[in-house]
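Following: one structure in structure tokens, then a few remarks.
Chain letters run A, B, ... following the sequence lines, proteins first and then strands; every chain starts at 1. As the structure is a prediction and not an experimental result, all values here were calculated from the model.
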Amino acid sequence: MTSKLPIYLDYAATTPLDPRVAEAMAECLREPSLQGNPSSVGHEYGRRARARIEQARAQVAAAIGARPECIVWTSGATESNNLALFGVARFHADRGRHIVSSRTEHKAVLDALKQLEAEGFQVTYLKPGRDGIVRPEQVAEALRPDTQLVSLMHVNNELGVIQDIAAVGRLCREKGIAFHVDAAQSVGKLPIDVQAMNVDLMSLTAHKVYGPKGIGALYVRRRPPLGLRPIIFGGGQELGLRSGTLATHQIVGMGVAFELAERERAEDVARIGALRERLWRGLAQLPDVELNGHPDERVCNVLNVSFHGVEGESLQFALRDIAVSTGSACASASDEPSYVLRALGRSDHLAQSSLRFSLGRFTTEQEIDAAIAAVTREVTRLRELAPRSSG
Amino acid sequence: MSYSALVERHFLTPRNVGALAAASDVIAARRGAPAQGIEIELSGGIADGRLIDLKQRVYGCPHAIAAASWLTERLAGASLADLDAWSWREAADALEVPPEKWGRLLVLEDAVRALAREWRGRL
């Protein structure tokens with residue numbers, strides 16, 4: 001292995017901490033006055049920590065057009081998705097036991113839905129088009145009188161394609177059906193307004209927007225109250241929805257990260273989008289490459305490309321100087337092909353020969369040019385090794 | 001996935017890449033398919049009862065690429081009996097190939113067997 005660190009193009013997996021976020025977190029860890037339990041508001045230590053928590057709550061709420069009291073702290077998007085799905089489904093089980101979602105949701109949604117199926121719920125998994133988009137009409141057609149919940153991700157983590165959340169939200173609100181959105185990949189890339197989009201529940205995480213790992217939030221509509229059963233029990237924090245001592249430094253980090261993400265969104269999107277285009281133009285010079293997902297309805301930073309005639313694991317090993325995700329590695333180190341690419345109609349074989357490049361705030365033009373050169377060199381080399389009609 | 005130093009060496013600089021043009025003293029075999037995760041093409045010349053100038057082309061994972069490359073060196077100068085006796089386990093041991101990849105080495109062994117059959121057909 002090389003001693004130099006690879007070029008990091010895996011921002012959709014996680015982002016490095018923004019130094020400004022790190023500084024805010026470090027202050028919480030350094031300052032004795034901020035190290036009280038935020039629930040111990042009977043003394044100054046607790047009150048100071050609580051003030052920082054509430055400041056962060058307001059920062060996160062502002063980034064998605066919500067009121068602060070609608071934000072519930074969690075350990076990340078996985079827990080938020082679990083709380084949203086189990087919380088609503090179990091609370092409203094007497095109202096109906098049908099849920100609508102899609103085949104290309106994150107595992108944190110799909111596996112929670114599988115568990116709900118085991119508990120007697122029925123789930124309709126919508127198949128996106130070959131462009132990765134689930135059309136709102138598909139959602140409308142799938143609704144039944146006993147549908148109580150729709151869950152769709154805002155931006156797909158593997159493809160970067162954007163779902164029309166506002167249209168689905170309108171539809172759900174008209175029918176009185178709860179609407180959950182996994183927005184882990186969209187904060188800082190797209191404008192979000194939970195009220196205008198008629199979203200009832202939104203899963204959020206800090207570590208995709210230059211915040212720390214291990215902290216997230218669930219937006220829960222409060223007016224009228226949604227009805228949500230907790231999945232973690234204990235001290236009754238977060239109005240009883242999520243027990244557990246609040247991690248002040250993590251929460252403060254998420255607050256600063258969300259404020260920066262929203263404040264710098266326009267600038268980040270323009271710069272990163274231009275780099276993404278530069279990368280695609282470079283890769284598209286190679287023969288037999290294919291962009292996965294809708295060419296336009298996509299966030300600025302993700303590019304998922306299939307390379308015909310190249311085996312995926314070899315491609316990843318050959319490109320070990322570039323940190324990217326493969327079409328087989330989203331969930332694990334297994335060589336199971338990506339279920340997202342398969343849902344789009346890609347063969348197992350082609351899904352495994354796909355790479356997800358995801359760019360971010362700290363990506364440079366030099367890094368993109370180096371990535372283009374490395375991919376071009378290695379794809380060409382591996383294709384030359386193969387028997388002539390392969391691929 | 002981690003790879004042995006030998007796999008890494010052969011993957012980065014594969015030996016004897018190519019294919020010999022068909023001729024009366026050239027034998028060739030091709031096995032596997034991209035959908036199986038490995039496709040291998042072997043070709044070599046026969047002179048004085050020995051396999052000479054063994055070439056390979058391969059599509060597959062780093063273990064497959066390294067195994068094909070390693071094989072061309074291992075079987076250089078082999079007799080027909082050597083080909084008959086060759087087992088995929090030799091490649092598995094030498095290259096430290098993990099069990100989940102052994103199926104791909106079986107395809108490699110199939111290609112060696114096919115090469116031996118073709119040789120036998122020329123006798």
Which atom of [X] lies closest to which atom of [Y], heavy atoms considered:
{"X": "A/Ser314", "Y": "B/Cys61", "value": "OG-C, 3.0 Å"}
{"X": "A/Glu311", "Y": "B/Gly37", "value": "CG-O, 4.4 Å"}
{"X": "A/Arg381", "Y": "B/Pro14", "value": "NH1-CD, 3.7 Å"}

Determine whether more than 12 heavy atoms belonging to other residues, nucleotides or ligands lie under 6.0 Å from atom CG of B/Asp48. no
Could you go through B/Lys101 and A/Glu313, starting from their C-alpha distance and side-chain angles, then the distance that decides it, and tell me whether this counts as salt bridge (Lys or Arg N to Asp or Glu O under 4.0 Å)? CA-CA 12 Å; B/Lys101 297 287 188 69; A/Glu313 189 187 324; 2.9 Å; yes
Close aromatic pair by centroid cut-off 6.0 Å: B/Tyr59 and A/His349: yes
Looking at side-chain heavy atoms only, is the closest gap between A/Leu382 and B/Phe11 below 4.5 Å? yes
Which atoms of B/Leu12 approach chain A - backbone, side chain, both or neither, heavy atom under 4.5 Å: both
Residues of residues 67-92 of chain B under 4.5 Å from chain A (heavy atom pairs)? none
Pick from B/Val58, B/Ile40, B/Val17 with the largest number of heavy-atom pairs that fall under 4.5 Å of chain A: B/Val58
Residue, of B/Gly60, B/Ala35, B/Ala64, that accumulates the most heavy atom pairs under 4.5 Å with chain A: B/Gly60
For the residue pair A/Arg320 and B/Tyr3, would you count it as a cation-pi contact if the rule is NZ or CZ under 6.0 angstrom from the ring centre and within 45 degrees of the ring axis? no
Heavy-atom distances under 4.5 Å only: say whether A/Glu384 touches chain B with side chain, backbone, both or neither. backbone
